[in-house]
Engineer: 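Submitted below is the structure of interest, expressed as structure tokens.
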Amino acid sequence: MSEQKVTFRVFRYKQGDTAPHYDTFTVTVNERTTVLEALQAIRRDQDGTLVIRHSCHHASCGTCGMRVNGKEVLACVTNVLELGTPTVTVEPLQNAPLISDLVVDMGPFYETFSQAHLPFVRRSEYLPDAEVAEGVPFHMRFESCIECGLCVSACPVVASDAEYLGPAALAAVWRVVQEPRGTEVPPLLDWVNSEHGCWRCHVALECSEVCPSNVDPGGNIMALRQELVRRALGLSHG
Amino acid sequence: MLQETRALHPVRRRGWKGWFAVRKRHLGYVAFALNRLTGLGLVLYLIIHLVVLSMLARGPETWDAFIELAKSPAFLLLDVILLAGILFHGLNGLRVILVGLGIGVHRHKELFWGLMLLAAILFIFGAWGFLVV
Ligand code: HEM
Ligand code: SF4
Ligand code: SF4
Ligand code: FES
């Protein structure tokens, strides 16, 4: 494998700092190095005070979300050399409270998201012909949203409206409306049928562009609106 | 306690500047920013337009002098810019209305380029009308 040196421009902020700044590090990478691995190497070999967050390393846990070269990504599945820039700029997600360096407080995001009461698992639509083991009613899978918050960081409306419920929570509500699985739907629809709910969205659809998990939050918001219109016209019940 | 610790953490929120932070963003974001910019531009134009119309109340001399100015090439160029703004805002606005109601959500980029093709054709005819005829 061929190795190459890449410069990382990393956003730094510690509590009490008057303003954030950027530190520059040089890291030797190969074709397979991810941004997360490069940041871990910086932390291990160059600056132990660099704060990063990760868990699974394979796009499942949603904890390594950050902005790389100005775009929201999961650092664990973002290949450094494929970015194609001699300098890689790494910043924390926007629209969330900063804790330290690349780590933001996901608490407010989770608080809003959990109000959608989206169950963790759903009936799997994949491999419909696959045999189901005895005693198992059907194949299950996790819901697609990994609660990474990339969409909320990318949305231009969240940038100026702190009360906007945001793409992830609205998309989760649509999933519940689609498949209630015992959850009461009308209160959820009332929740999103509001000034800071699904009508706040301006259809930029950046959320769907950055979502790493094919949730298509923008599409789900439009589906919610259609459902609300249908109900207002008395065309849909339930 | 949680609230108190949170208050210590600054939120990096761009505010209105975020609407126009289009670097690295995709088509829908850029269209949103341009729609907002042209919308505000049109409001500004409307205000100027009404101010200018109020000159009518000041008698024929003022008005005739203005019409002479309005026929100058620099003014006609402004008309062309206005036309571009109206065409973009109106036709993209049509897309926003459709997509915002759930129509063509997953074809919104094709819809955009189709409408912009229409805008370009109308613009060429319109600009030709302003500058040549
Ligand atoms: C030609 C027909 C027009 C159509 C179809 C149209 C459509 C729209 C739509 C759909 C929006 C909402 C955009 C969004 O949700 O992001 C909008 C916003 C706006 N429009 Fe228009 N518009 C038209 C003409 C005008 C005119 C003539 C003016 C000015 C006098 C104007 C000023 C605005 C402003 C200030 C906004 C708010 C900007 C924003 O929210 O981003 N529009 N328009
Ligand atoms: S489609 Fe709506 S929720 Fe998604 S980024 Fe745009 S404004 Fe935000
Ligand atoms: S909708 Fe997509 S981008 Fe948003 S939190 Fe869920 S997985 Fe992440
Ligand atoms: S570390 Fe789990 S998604 Fe990146």
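Residue numbers start from 1 in every chain, and the chains themselves are labelled A, B, ... in the order their sequence lines are given, proteins ahead of strands.
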Engineer: In terms of heavy-atom pairs under 4.5 Å with chain B, which of Cys201(A), Gly70(A), Ala154(A) leads?
Structural biologist: Ala154(A)

Engineer: Which bit of Pro20(A) is near chain B, if near means a heavy-atom gap under 4.5 Å: side chain, backbone, both or neither?
Structural biologist: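 Contact with chain B: none, neither part.
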
Engineer: Is it the side chain or the backbone of Asn69(A) that comes within 4.5 Å of chain B heavy atoms, both, or neither?
Structural biologist: both

Engineer: So with a 6.0 Å cut-off around NZ of Lys14(A), is the heavy-atom count from everything else above 12?
Structural biologist: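 Enclosed.
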
Engineer: Counting neighbours of CG on Asp64(B) that are heavy atoms of other residues, nucleotides or ligands and sit closer than 6.0 Å, is the number greater than 12?
Structural biologist: yes

Engineer: Which heavy-atom pair separates Arg12(B) from Leu93(A) by the least distance, and what is that distance?
Structural biologist: NH2-O, 4.5 Å

Engineer: Run the salt-bridge test on Lys24(B) and Glu209(A) with the 4.0 Å N-O cut-off and return the result as yes or no.
Structural biologist: no

Engineer: Does any non-hydrogen side-chain atom of Val96(B) lie less than 4.5 Å from one of His202(A)?
Structural biologist: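 Sidechains of Val96(B) and His202(A): no contact.
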
Engineer: Against chain B, work out which of Val229(A), Val157(A), Val203(A) has the most heavy-atom pairs shorter than 4.5 Å and name it.
Structural biologist: Val203(A)

Engineer: If every non-hydrogen atom of Val99(B) is compared with every non-hydrogen atom of Leu205(A), which pair is closest and at what distance?
Structural biologist: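 Result for this residue pair: CG1-CD1, 4.2 Å.
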
Engineer: Got a donor-acceptor contact below 3.5 angstrom from the Glu206(A) side chain to the His26(B) backbone?
Structural biologist: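 Checked: pair present.
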
Engineer: Hey, could you give me the CZ/OG distance between Arg13(B) and Ser160(A), rounded to the nearest 0.5 Å?
Structural biologist: 8.5 Å

Engineer: Of all the heavy-atom pairs spanning Pro156(A) and Trp19(B), show the shortest one and how long it is.
Structural biologist: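 Reported closest heavy-atom pair: O-CD1, 3.4 Å.
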
Engineer: With only heavy atoms counted, which part of Ser100(A) is less than 4.5 Å from chain B, the side chain, the backbone, both or neither?
Structural biologist: neither

Engineer: Are there over 12 heavy-atom neighbours, none belonging to Arg107(B), within less than 6.0 Å of that residue's CZ?
Structural biologist: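 Open.
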
Engineer: Mind checking the SG-OH spacing from Cys155(A) to Tyr29(B)? Nearest 0.5 Å is all I need.
Structural biologist: 7.5 Å

Engineer: Looking at CG of Leu101(B) and CD of Gln226(A), how far apart are the two atoms once the value is rounded to the nearest 0.5 Å?
Structural biologist: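 Reported to 0.5 Å precision, the distance equals 7.5 Å.
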
Engineer: Is Val158(A) close to chain B through its backbone or its side chain, or both, or neither, when contacts mean heavy atoms under 4.5 Å?
Structural biologist: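 Both parts, heavy atoms under 4.5 Å.
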
Engineer: Within the side chain of Arg25(B), is there an N or O that forms a donor-acceptor pair under 3.5 Å with the backbone of Ala204(A)?
Structural biologist: no

Engineer: Quick check: does any side chain N or O of Arg225(A) sit under 3.5 Å from a backbone N or O of Gly100(B), one acting as donor and the other as acceptor?
Structural biologist: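 Yes, Arg225(A) side chain to Gly100(B) backbone: donor-acceptor pair under 3.5 Å.
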
Engineer: Measuring heavy-atom distances to chain B, does Ala223(A) have an atom under 4.5 Å in its side chain, in its backbone, in both, or in neither?
Structural biologist: neither

Engineer: Could you tell me which residues satisfy side-chain contact (heavy atoms from CB on, under 4.5 Å) with Ser194(A), sequence neighbours excluded, listed by chain and number?
Structural biologist: none

Engineer: If you count heavy-atom pairs under 4.5 Å between each of Gly102(B), Ala33(B), Ala21(B) and chain A, which one has the most?
Structural biologist: Gly102(B)

Engineer: Using a 4.5 angstrom heavy-atom cutoff, name the option from Ala96(A), Cys198(A), Gly219(A) with the most pairs to chain B.
Structural biologist: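 Of Ala96(A), Cys198(A), Gly219(A), Ala96(A) has the most heavy-atom pairs under 4.5 Å with chain B.
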
Engineer: What pairs of residues pass the ring pair (Phe, Tyr, Trp, His ring centres under 6.0 Å) test when at least one of them lies in residues 92-115 of chain B, not counting sequence neighbours?
Structural biologist: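 Every pair satisfying ring pair (Phe, Tyr, Trp, His ring centres under 6.0 Å) with a residue in residues 92-115 of chain B: there are none.
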
